[in-house]
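Nothing here was measured: the structure is a model prediction, and the numbers come from that model.
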Amino acid sequence: MKTFKIIGLIALLIVLFEFIGGFNDGWNDVNKLAPISMERTNPAFDKVTATTFDVLPDSAIQATNSQTGTAAPTGFMQCHSYIVPSGLTTFIYILLGITGLVSFYGLYNLIRLFISIIRKEVFTSTNIRRIRWGVYPPIAYHLVKYLLNWSETRDAMAQLTIPGYTIQPASPFEFSWIGILLLILLTEVFVVAVKLKQENDLTI
C-alpha cells in the first residue's frame, strides 16, 4: 500500500504540473493569435476567427544564402490567417466549451482520486466514478479539439488562396489514438479490479 501512496502522490504532482503548464501555454497562445489593434477597428474582422493550419509548398522556393552565395530551396510549413467560421465550426466551438467545462470537473475528480490513493483508500466504488469522470471528459475534449482543427482547416481550404501552397486538412494520424485507447483500457481494468475486490470481500 505504501507503493500506492507514493504513486498517488507522484501522479497528483504531475497532474497539477500539467494543468498549470497547459493553462500557461493556452494563455500565451491566445495572446499570440489575437488580432492586432488595427484589425480590431475594421468591422470585417468582427466576423472572422484566427486559425493556424499546415501548408504544403507546390514547388520549392529559392532563397539565397549570403554566406555561400548559393540558392537553397525553402518554404514554410504553417500559416496563420483569418477565416469566417462555418456553421459546423461554430457548433464545435460550443461543444468545445461544454467539454472544457466538464473537464474541469473531471480534473477535480482526478485530484480527489489521487488524494484517496494517498490515504490508502484505493479500491472503492467512489473511485470508480472519480476515475471515469477524470478520464472520459478530457478525452472527449481532445477529440472535439481535433474535430475543431479539422473543421477550421476545411473552412480555410474553402476560403483562402495561398499562391504556391496547398492547405493541408487536419489528419487523423496526427492524433494519439493509441494513448487514448490505453487510457480507456487502464481505466476499465481499474474498474474491473475494484468490482472483483468487492465481490471477494462479500464472499469472505
Side-chain angles (χ1 to χ4, degrees), residues 7-35 48-54 78-118 124-158 167-194:
I7 291 173
L9 181 60
I10 293 173
L12 178 60
L13 293 174
I14 289 174
V15 167
L16 292 175
F17 177 78
E18 288 283 339
F19 174 75
I20 293 171
F23 180 82
N24 185 56
D25 291 342
W27 184 272
N28 292 333
D29 284 343
V30 169
N31 289 335
K32 286 189 294 185
L33 301 182
V48 301
T49 182
T51 182
T52 302
F53 46 86
D54 294 334
Q78 275 194 332
C79 183
H80 176 68
S81 187
Y82 296 89
I83 59 168
V84 177
S86 62
L88 176 62
T89 301
T90 302
F91 171 74
I92 298 174
Y93 281 141
I94 298 171
L95 201 58
L96 187 69
I98 294 172
T99 54
L101 290 174
V102 177
S103 293
F104 276 106
Y105 180 68
L107 177 65
Y108 165 76
N109 277 276
L110 207 56
I111 292 173
R112 290 293 303 273
L113 170 68
F114 293 140
I115 292 173
S116 177
I117 292 173
I118 292 170
T124 65
S125 299
T126 305
N127 282 345
I128 290 179
R129 176 181 58 81
R130 286 171 178 167
I131 195 171
R132 281 179 167 166
W133 273 106
V135 168
Y136 289 114
I139 287 177
Y141 175 79
H142 283 89
L143 288 174
V144 172
K145 222 176 156 185
Y146 161 72
L147 188 60
L148 177 63
N149 189 20
W150 174 83
S151 185
E152 285 182 337
T153 53
R154 290 289 176 179
D155 291 345
M157 291 172 68
I167 298 174
Q168 296 295 292
S171 169
F173 299 106
E174 297 173 1
F175 203 76
S176 179
W177 297 104
I178 294 178
I180 285 178
L181 291 175
L182 284 175
L183 197 56
I184 292 173
L185 177 63
L186 292 174
T187 299
E188 294 307 315
V189 166
F190 176 82
V191 171
V192 171
V194 172

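The two residues Ala156 and Ile167 come nearest to each other via the heavy atoms O-CD1, 3.5 Å. Taking each heavy atom of Leu148 and Leu96 in turn, the nearest pair found is CD2-CD2, 3.7 Å. Nearest heavy-atom pair across Phe190 and Ile128 is CE2-N, 4.5 Å. Minimum interatomic distance between Ile83 and Glu152 (heavy atoms only, all atoms of both residues): CD1-O, 3.7 Å.
Under the rule for a side-chain hydrogen bond (donor to acceptor under 3.5 Å, both in side chains), the partners of Thr124 that lie at least two apart in sequence or sit in another chain are Asn127. Thr89 pairs by the side-chain hydrogen bond (donor to acceptor under 3.5 Å, both in side chains) definition with Ser86, Ser151, Asp155, not counting sequence neighbours. Checked against salt bridge (charged side-chain N to carboxylate O under 4.0 Å, His left out), Arg154 has no partners two or more places apart in sequence or in another chain. Judged as a side-chain contact (heavy atoms from CB on, under 4.5 Å), and not counting sequence neighbours, the contacts of Thr90 are Pro85. Taking Tyr105 as the reference, Tyr108, Asn109, Arg129, Trp133 meet the side-chain contact (heavy atoms from CB on, under 4.5 Å) condition, with sequence neighbours excluded. By the side-chain contact (heavy atoms from CB on, under 4.5 Å) test, Val192 is found to be paired with Leu196, residues two or more places apart in sequence or in another chain being considered. Checked against side-chain hydrogen bond (donor to acceptor under 3.5 Å, both in side chains), Gln168 has no partners two or more places apart in sequence or in another chain. When the side-chain contact (heavy atoms from CB on, under 4.5 Å) test is applied to Leu147, the partners found at least two apart in sequence or on another chain are Ile92, Trp150.
With rounding to the nearest 0.5 Å, the separation of CZ in Phe104 from OG1 in Thr99 is 11.0 Å. To the nearest 0.5 angstrom, Leu88 atom CG is 11.0 Å from Tyr93 atom OH. From Tyr136, atom OH reaches atom CD1 of Ile180 across 11.5 Å, with rounding to the nearest 0.5 Å.
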> side-chain contact (heavy atoms from CB on, under 4.5 Å) between Phe114 and Leu110: does it pass, once the steps are laid out?
Replying inline: CA-CA 6 Å; Phe114 293 140; Leu110 207 56; 3.7 Å; yes
>> Would Leu185 and Leu181 count as a side-chain contact (heavy atoms from CB on, under 4.5 Å) here? Give the steps.
In response: CA-CA 6 Å; Leu185 177 63; Leu181 291 175; over 6 Å; no
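A donor-acceptor pair is defined here as one N or O able to donate and one able to accept, closer than 3.5 Å; no such pair exists between the side chain of Thr52 and the backbone of His80. Between the Thr153 side chain and the Asn149 main chain, a donor and an acceptor come within less than 3.5 Å of each other.
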